[in-house]
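Owing to the predicted nature of the structure, the values given are computational and were not obtained by experimental measurement. No hydrogens, no waters, no symmetry mates; every other heavy atom, side chains included, goes into these values.
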Amino acid sequence: FYFLEKRKGKIDGVVITGGEPLINQDILPFIEKIREKGYKIKLDTNGSSPQRLKEILEKRIVDYIAMDIKAAREDYSKVAGVNVNIDDIEESMSALAAFGIDYEFRTTMCPIIIDNNIREMTPEDIEKIAEWISRIDKNAKFYIQPFVPVAGRLVNPELEKFSRTREDVMKKAKELAGKFLTRVYIRN
């Protein structure tokens, strides 16, 4: 908070990101304290804590939320490598659609591991994600992001074998997602 106090007038907002920031028990008072200092707030989440997300939405203490969607509904736990409560993810998606706070869903086209096989994410994977999102909010903003490998900074060294997602693959993913969603963007 000392840092934020010193930057008043020099920065407009704060991005709260993680890991997953909503697992922190003190996230609500933390956000409220930042808000009291007059900053705009963007929250990044993976959607695994829908009750805490709803509390934040109800209090209207953030200005923007970006929720990562890692994979299609049926592949989520496999891609995440842990048992994910998909109902929590979907509940978070629905809460974002219902509360009227500006938000986006986003997917990074990073290589995925399913059944010990690693492969690039395909435009068809993005299409399945977009179809899932459309069942909740056809007008949602959906950003497709390229995988950008950074040697030595990836959670799995196997990912270093893959290169940045090609532009033509990103464009094809956008085209397929556009069959289900009206606002699909490529973020470079």
Side-chain angles (χ1 to χ4, degrees), residues 13 15-21 40 42-48 53 62-82 84 86 89-188:
V15 177
I16 300 171
T17 190
E20 174 50 44
K40 291 187 177 192
K42 176 185 174 250
L43 174 68
D44 291 339
T45 183
N46 65 17
S48 62
L53 178 60
V62 296
D63 300 285
Y64 194 83
I65 297 175
M67 183 173 159
D68 291 312
I69 306 294
K70 306 289 186 197
R73 188 181 203 288
E74 61 273 15
D75 296 329
Y76 221 90
S77 289
K78 290 178 190 173
V79 170
V82 295
V84 174
I86 201 68
I89 304 300
E90 218 163 73
E91 188 176 343
S92 290
M93 294 167 74
S94 295
L96 288 175
F99 273 87
I101 289 176
D102 200 10
Y103 73 95
E104 70 183 56
F105 295 117
R106 63 187 182 193
T107 299
T108 301
M109 291 190 72
C110 61
I112 56 178
I113 301 169
I114 298 179
D115 301 326
N116 292 323
N117 295 315
I118 190 167
R119 66 169 175 82
E120 289 182 315
M121 186 176 278
T122 66
E124 291 75 20
D125 292 317
I126 295 294
E127 180 181 27
K128 290 193 309 189
I129 294 168
E131 191 274 330
W132 179 27
I133 292 170
S134 75
R135 285 185 263 142
I136 292 161
D137 183 1
K138 283 185 179 0
N139 296 313
K141 284 184 278 186
F142 181 42
Y143 284 88
I144 304 165
Q145 304 174 154
F147 169 71
V148 181
V150 180
R153 295 188 55 206
L154 299 171
V155 294
N156 183 338
E158 288 290 308
L159 299 179
E160 291 181 17
K161 296 176 184 174
F162 293 86
S163 45
R164 180 186 173 98
T165 309
R166 293 189 336 260
E167 190 173 332
D168 63 313
V169 173
M170 300 284 292
K171 286 180 179 177
K172 181 65 175 178
K174 179 182 179 192
E175 176 189 323
L176 293 178
K179 294 181 349 187
F180 297 98
L181 297 167
T182 57
R183 299 191 298 167
V184 181
Y185 308 98
I186 294 173
R187 181 174 282 142
N188 287 317

Roughly how far, to the nearest 0.5 Å, is [atom2] of [Y] from [atom1] of [X]?
{"X": "Asp125", "Y": "Lys70", "atom1": "CG", "atom2": "NZ", "result": "14.5 Å"}
{"X": "Ile126", "Y": "Thr107", "atom1": "CD1", "atom2": "OG1", "result": "5.0 Å"}
{"X": "Leu159", "Y": "Ile112", "atom1": "CG", "atom2": "CD1", "result": "11.0 Å"}

Are the side chains of [X] and [Y] in touch, meaning some heavy atoms are under 4.5 Å apart?
{"X": "Ile186", "Y": "Lys171", "value": "yes"}
{"X": "Lys42", "Y": "Asp63", "value": "no"}
{"X": "Pro149", "Y": "Phe162", "value": "no"}
{"X": "Met93", "Y": "Ile69", "value": "yes"}

Quick one: closest heavy-atom pair of [X] and [Y], and the distance?
{"X": "Thr108", "Y": "Met121", "result": "O-SD, 3.9 Å"}
{"X": "Phe142", "Y": "Ile133", "result": "CD1-CD1, 3.7 Å"}
{"X": "Leu43", "Y": "Pro21", "result": "CD1-CG, 3.8 Å"}
{"X": "Glu160", "Y": "Val150", "result": "OE2-O, 4.4 Å"}
{"X": "Ala177", "Y": "Ile144", "result": "CB-CD1, 4.5 Å"}
{"X": "Asn188", "Y": "Pro146", "result": "OD1-CG, 4.1 Å"}

Residues forming a salt bridge (Lys or Arg N to Asp or Glu O under 4.0 Å) with Glu124, sequence neighbours excluded =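 Glu124 satisfies salt bridge (Lys or Arg N to Asp or Glu O under 4.0 Å) with no other residue.
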
With sequence neighbours left out, what residues match Glu175 under salt bridge (Lys or Arg N to Asp or Glu O under 4.0 Å)?
->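 Salt bridge (Lys or Arg N to Asp or Glu O under 4.0 Å) check on Glu175 returns Lys172.
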
Name all residues meeting the side chain to side chain contact (heavy atoms under 4.5 Å, CB included) criterion together with [X]; count only those two or more places apart in sequence or in a different chain, and write none if there are none.
{"X": "Asp137", "answer": "Ala97, Tyr103, Asn139, Ala140"}
{"X": "Val82", "answer": "Ala80, Val84"}
{"X": "Ser92", "answer": "Pro50, Leu53, Met67"}
{"X": "Asp75", "answer": "Ala71, Ala72, Val79, Ile114, Lys128"}

Under the side chain to side chain donor-acceptor pair (under 3.5 Å) test, residues paired with [X] that sit two or more places apart:
{"X": "Arg183", "answer": "none"}
{"X": "Ser163", "answer": "none"}
{"X": "Lys78", "answer": "none"}

Under 3.5 Å: donor-acceptor pair, side chain of Ser134, backbone of Glu131 |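 It does hold such a pair.
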
Which residue pairs pass the salt bridge (charged side-chain N to carboxylate O under 4.0 Å, His left out) test with at least one member in residues 96-117, sequence neighbours excluded?
->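 Non-adjacent pairs meeting salt bridge (charged side-chain N to carboxylate O under 4.0 Å, His left out): Asp44-Arg106, Asp68-Arg106, Asp102-Lys141, Glu104-Arg187.
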
Residue list, ring pair (Phe, Tyr, Trp, His ring centres under 6.0 Å) with Tyr76, at least two apart or on another chain =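 Tyr76 satisfies ring pair (Phe, Tyr, Trp, His ring centres under 6.0 Å) with Trp132 once adjacent residues are dropped.
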
Of all residues at least two apart in sequence or in a different chain, which pass the ring pair (Phe, Tyr, Trp, His ring centres under 6.0 Å) check with Tyr185?
->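 Partners of Tyr185 by the ring pair (Phe, Tyr, Trp, His ring centres under 6.0 Å) criterion, ordered by chain and then number, come out as Tyr143.
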
Would you please say whether a donor-acceptor pair under 3.5 Å links the side chains of Thr45 and Glu20?
->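 There is such a pair between these side chains.
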
